[in-house]
Amino acid sequence: MQKSLLVFGGNGYLGSHICKYAVSQGINVISVSRSGNPKKVEAWQNRVQYVKGNASDPSTYEHFLPHVNGVIHCIAVLFDSNFPRTWASKYEGSYEQMNRDTALKVCETLGQQNFVYISAERGMFFAPRYISTKREVEAYLEKNRERINGCVLRPGYMYSEAEKQKKIAGTFFNLTWKSDAVLKTLRLGKLSEMFVPPRSMHVDDTAKVAVLAALRPEFIGTTLGIEDIERTALKYSGVE
């Protein structure tokens, strides 16, 4: 029987790579986003069912859930609607809404499907709520692990081979990453987590492991960081 996935945020950067890898493995993919269809359609996207919906409104997607094997949540904003006015309290488009509450609402509707939440390895000193809202979802999944078949991925800065500017930025992040060990040796781990960006990694590794985790039982209850994701991507040749 053909496996199926429901991807929230399938039009985004990581989401599109997730959908692309999934269809390459013969998986039926339903992408839910507020925009519905992507602006530019490549050949592989003709095999994705794009649905206009809202993760905060289960009525727009809950009818798909009984027919899918796994659910992947990759909705997130790097700079929210209140940035840089961190004292502001606009909810629409905030970290609280996008990074946290959309995921929590999806979790409320889940049955026995595997659920993969795309978190992050580290946050940013100028926007602490970016990572704190993601960690709140992680804590929720841990608290409800008896009910939710959850898996958390914590990728770093992601790039693809075709993106020269992203690769250059990734090289810079990798250089600064070397200071991480020094700060930890000096027992300044918290300072490092706030000011040292995560090292870079290929976006396809995260996409592949997200699909694997959404379909395979051995990933339930796990949290995978950068090295774990890369190691897992090498270990598995495909989803079977």
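If you read the sequence from its start, that first residue is 1, and numbering goes on from there. For the numbers below, each heavy atom of this structure counts, side chains included, while hydrogens, waters and symmetry mates do not. The structure presented is a predicted model; accordingly, all values stated were derived computationally and were not measured.
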*Asks:* Determine yes or no for a side-chain-to-main-chain donor-acceptor pair under 3.5 angstrom, with Asn149 supplying the side chain and Ile220 the backbone.
*Replies:* no
*Asks:* Between Tyr95 and Glu136, do the side chains contain a donor N or O and an acceptor N or O under 3.5 Å apart?
*Replies:* no
*Asks:* Please find out if less than 6.0 Å separates the ring center of Phe8 from that of Tyr61.
*Replies:* yes
*Asks:* Test side-chain contact (heavy atoms from CB on, under 4.5 Å) on Cys107 and Tyr140 and set out the steps.
*Replies:* CA-CA 9 Å; Cys107 286; Tyr140 176 88; 3.7 Å; yes
*Asks:* Looking only at the side chains, is there a donor atom on one of Ser4 and His67 sitting less than 3.5 Å from an acceptor on the other?
*Replies:* no
*Asks:* Between Gln97 and Ser94, does any side-chain donor sit less than 3.5 Å from a side-chain acceptor?
*Replies:* no
*Asks:* Would you call the rings of Tyr236 and Phe219 parallel, tilted or perpendicular, taking 30° and 60° as the class edges?
*Replies:* tilted
*Asks:* So, taking the atom named CG in Asp228 and the one named CD in Glu121, what distance separates them when rounded to the nearest 0.5 Å?
*Replies:* 8.5 Å
*Asks:* Going by distance alone, is a donor N or O of one side chain under 3.5 Å from an acceptor N or O of the other, for Tyr91 and Asp101?
*Replies:* yes
*Asks:* Quick one: are the ring centres of His17 and Tyr21 less than 6.0 Å apart?
*Replies:* no
*Asks:* Distance only, no hydrogens: is a donor on one side chain within 3.5 Å (strictly under) of an acceptor on the other, for Thr133 and Glu96?
*Replies:* no
*Asks:* Look at the aromatic rings of Phe79 and Phe83 and report parallel, tilted or perpendicular, splitting at 30° and 60°.
*Replies:* tilted
*Asks:* Would you check if there is a donor-acceptor pair between the side chains of Thr223 and Arg154 at a distance under 3.5 Å?
*Replies:* no
*Asks:* Kindly give the heavy-atom pair with the smallest separation between Arg47 and Val23, and that separation in Å.
*Replies:* NH1-O, 3.4 Å
